[in-house]
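To find a chain, count down the sequence lines: A is the first, B the second, and so on, and within it residues start at 1. Treat the numbers as computed from the prediction; the structure is a model and nothing was measured.
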Amino acid sequence: MSLLRSSSELMAKHMSSYPPKRYNLSWNLADCSFDDVNLLATLTCGQTFRWRRQADGAWLGSIGIQAAVLWQPEDCRDHFFWQTFPVENDWAIIRDYFNLGINLRALQRGWHDAEQLTADVFIQHVGLRLLQQPLEECLYSFQCASCNTVTKIERSVEELARLYGSPIETPWGRVSLFPATSSIATASEEVLRKALWGYRAPRLIALAKLMQEKGDAWLQGLVGMPYADAHRNLTDLPGIGPKLADCVCLFCLRKWEAIPVDTHVLQLAQRLWPTQNEYRSLTPRVYLQIADSYRHRYGVYAGWAQQILFYSELHRTRPGWIPCQPAI
DNA sequence: GCTTAACCTGGACGC
DNA sequence: GCGTCCAGGTTAAGC
């Protein structure tokens, strides 16, 4: 259970680690004493691409039609500070975005008991939470992930927002909201190709045009569907395969059993559980077997566990890797 | 049902 | 400085 607090008493409690001052900005405090939140791990684990850490440690980004700034003291996992723009103090958007109703500590105790091999990973990356992202942003952003690197995905998505998104002013500077479907549908393929989207540019525009035809209700309808139905509807879209469909299911549709199987997740499963077959390539059958191996071990919230393991694997295979470079 | 090639491009790496 | 390889996938053709 996480609580919104803004009382002077709580502020005073945390004065030793008070966030940076900016003009007349008034911070709010999210006190999560009963659970864990790790902003660094949560915002850089590969589930979202547009949060940037500023020189003073504040995270600047957007959630839907709001810009937001977040700040958390070093090595602190029980509270963070936040503010939203242009509508200030929008607690609901922060609470929902971080899924603060999910008791992560309880989940981690369950995973610890279920699979001793990975118990240390969950302790090491405590507080990595899955986000509930806006549907359109998640759907279009992950179209860029095909045969790409995390660094380039971040730059590509940022360019898309800068070119076609609405700007919001904050004390840290301008933040571009993620573009609406209508803006992407009418975007220039040539411009997008130069904005690092390459051969993915026509796919992105085609998908946006199709989503315009289907209407907002179609996408929102996925929220109420069971995981299998939502996944099947998504893979029927052009340019959306099983992996991207699972990303959308997990990162914005709250289908916690979804397991996006990529090369890292495949290698991790083969290393952790060597009894698994030595797969040569990620065929649909192998994809399902690997995903089921995670679901079998970690249960209905397997997607949360998988993302923490994925984050750990990124750090293991890329020592010194620093995602989300600070803005200059 | 599996394998393979094509699709872009920037960064890492070896020389 | 230059060449080569690789990266969070999807799709279609060939077997």
Side-chain angles (χ1 to χ4, degrees), chain A residues 41-51 125 128 130-131 133 137-160 187-208 210-211 231-252 258-271 277-291 294 302-325:
Chain A
T42 298
L43 300 178
T44 65
C45 71
Q47 61 178 322
T48 180
F49 303 109
R50 295 194 54 234
W51 288 94
H125 300 295
L128 192 165
L130 285 193
L131 301 170
Q133 301 178 53
E137 178 167 351
C138 191
L139 181 66
Y140 298 130
S141 294
F142 274 96
Q143 265 225 324
C144 189
S146 168
C147 216
N148 216 340
T149 61
V150 173
T151 306
K152 265 187 66 186
I153 298 168
E154 288 172 357
R155 291 179 58 189
S156 304
V157 176
E158 188 59 39
E159 272 298 283
L160 176 68
S188 159
E189 180 181 326
E190 187 182 355
V191 170
L192 281 180
R193 279 182 179 272
K194 288 177 181 171
L196 297 179
W197 280 78
Y199 66 93
R200 306 167 192 91
R203 292 182 185 177
L204 177 73
I205 295 170
L207 179 62
L210 180 62
M211 297 315 297
H231 191 268
R232 188 171 56 252
N233 273 275
L234 285 164
T235 51
D236 283 344
L237 297 172
I240 304 293
K243 195 266 182 175
L244 266 57
D246 271 323
C247 287
V248 176
C249 282
L250 186 61
F251 300 143
C252 47
I259 307 289
V261 181
D262 55 32
T263 52
H264 295 289
V265 175
L266 173 66
Q267 289 166 15
L268 182 65
Q270 290 181 321
R271 200 179 76 249
N277 298 326
E278 192 65 35
Y279 300 115
R280 290 182 61 191
S281 60
L282 200 54
T283 63
R285 186 174 57 85
V286 172
Y287 187 99
L288 190 60
Q289 286 178 353
I290 294 294
Y294 281 86
W304 284 66
Q306 173 273 150
Q307 193 61 28
I308 297 168
L309 294 170
F310 171 81
Y311 182 64
S312 169
E313 185 71 358
L314 274 186
H315 279 275
R316 191 190 69 81
T317 56
R318 304 175 193 179
W321 176 62
I322 306 173
C324 294
Q325 297 294 329

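Protein atom CD1 of A:Ile153 is 8 Å distant from nucleotide atom P of C:dG9, rounded to whole Å. Taking atom CG of residue A:Leu314 and atom P of nucleotide C:dG8, one finds them 7 Å apart after rounding to whole Å. Taking atom OH of A:Tyr287 as the reference point, atom P of C:dT11 lies 13 Å away to the nearest angstrom. What separates CG of A:Leu237 from C1' of C:dT10 is a distance of 13 Å, to the nearest Å. Per the geometry, CD belonging to A:Glu154 stands 11 Å off P belonging to C:dG8, to the nearest Å. Between the CG atom of A:Asn148 and the P atom of C:dC5 there is a distance of 19 Å, given to the nearest Å. Counting to the nearest Å, the P atom of B:dC8 and the CZ atom of A:Arg155 are 18 Å from each other. In this structure, CZ of A:Phe251 is placed 14 Å from P of C:dG8, rounded to the nearest angstrom.
The salt bridge (charged side-chain N to carboxylate O under 4.0 Å, His left out) analysis of residues 196-206 of chain A, with sequence neighbours excluded, yields no pairs.
The side-chain contact (heavy atoms from CB on, under 4.5 Å) search around A:Ala208 returns A:Tyr140, A:Thr181, A:Ile184, A:Ala185, not counting sequence neighbours. Qualifying side-chain contact (heavy atoms from CB on, under 4.5 Å) partners for A:Ser156, counting only residues two or more places apart in sequence or in other chains: A:Cys144, A:Leu196, A:Trp197. A:Phe251 pairs by the ring pair (Phe, Tyr, Trp, His ring centres under 6.0 Å) definition with A:Phe142, not counting sequence neighbours. Applying the side-chain hydrogen bond (donor to acceptor under 3.5 Å, both in side chains) criterion to A:Ser146, with sequence neighbours excluded, gives A:Tyr199. Partners of A:Leu210 by side-chain contact (heavy atoms from CB on, under 4.5 Å), not counting sequence neighbours, listed by chain and number: A:Glu213, A:Lys214, A:Leu237, A:Pro238. Scored by the side-chain contact (heavy atoms from CB on, under 4.5 Å) test, A:Glu189 finds A:Arg193, A:Ala201, A:Pro202, A:Ile205 as partners (sequence neighbours excluded). With sequence neighbours left out, A:Tyr287 forms a ring pair (Phe, Tyr, Trp, His ring centres under 6.0 Å) with no residue at all.
Nearest nucleotide to the A:His264 side chain, out of C:dG8, C:dA7, B:dC2: C:dG8.
A:Thr235 contributes a side-chain N or O that, together with a main-chain N or O of A:Arg232, makes up a donor-acceptor pair within less than 3.5 Å.
Here, C:dT10 and B:dG10 have their P atoms 23 Å apart, quoted to the whole Å. Taking atom P on both B:dA5 and C:dC6, the two are 14 Å apart, rounded to the nearest angstrom.
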Q: Please test A:Leu244 against A:Leu234 for side-chain contact (heavy atoms from CB on, under 4.5 Å), starting from the C-alpha separation and ending with a verdict.
A: CA-CA 8 Å; A:Leu244 266 57; A:Leu234 285 164; over 6 Å; no

Q) In dot-bracket form, how is DNA chain B paired, counting a Watson-Crick or G-U wobble pair only if both its distances are under 3.5 Å and using | for bases paired to another strand? A) |||||||.|||||||

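Contacts between residues 188-202 of chain A and DNA chain B, defined by a heavy-atom separation below 4.0 Å, involve A:Arg193, A:Leu196, A:Gly198, A:Tyr199, A:Arg200, listed by number. Using a 4.0 Å cutoff on non-hydrogen atoms, the parts of residues 240-247 of chain A near DNA chain C are A:Ile240, A:Gly241, A:Pro242, A:Lys243, A:Leu244, A:Cys247, ordered by number.
Within 4.0 Å (heavy atoms only), A:Arg203 reaches at least one base atom of the nucleic acid.
Paired with A:Glu313 under the rule side chain to side chain donor-acceptor pair (under 3.5 Å), one option of A:Arg271, A:Gln267, A:His264 passes, and it is A:Arg271.
Two residues, A:Pro238 and A:Pro260, neighbour DNA chain C, and the one matched to the more 5' nucleotide by heavy-atom proximity is A:Pro260.
Close to B:dC2, at under 4.0 Å from its OP1 or OP2, lies a side-chain N or O of A:Thr283.
Looking at A:Leu139 and A:Ile240, their side chains come closer than 4.5 Å, going by heavy atoms from C-beta outward.
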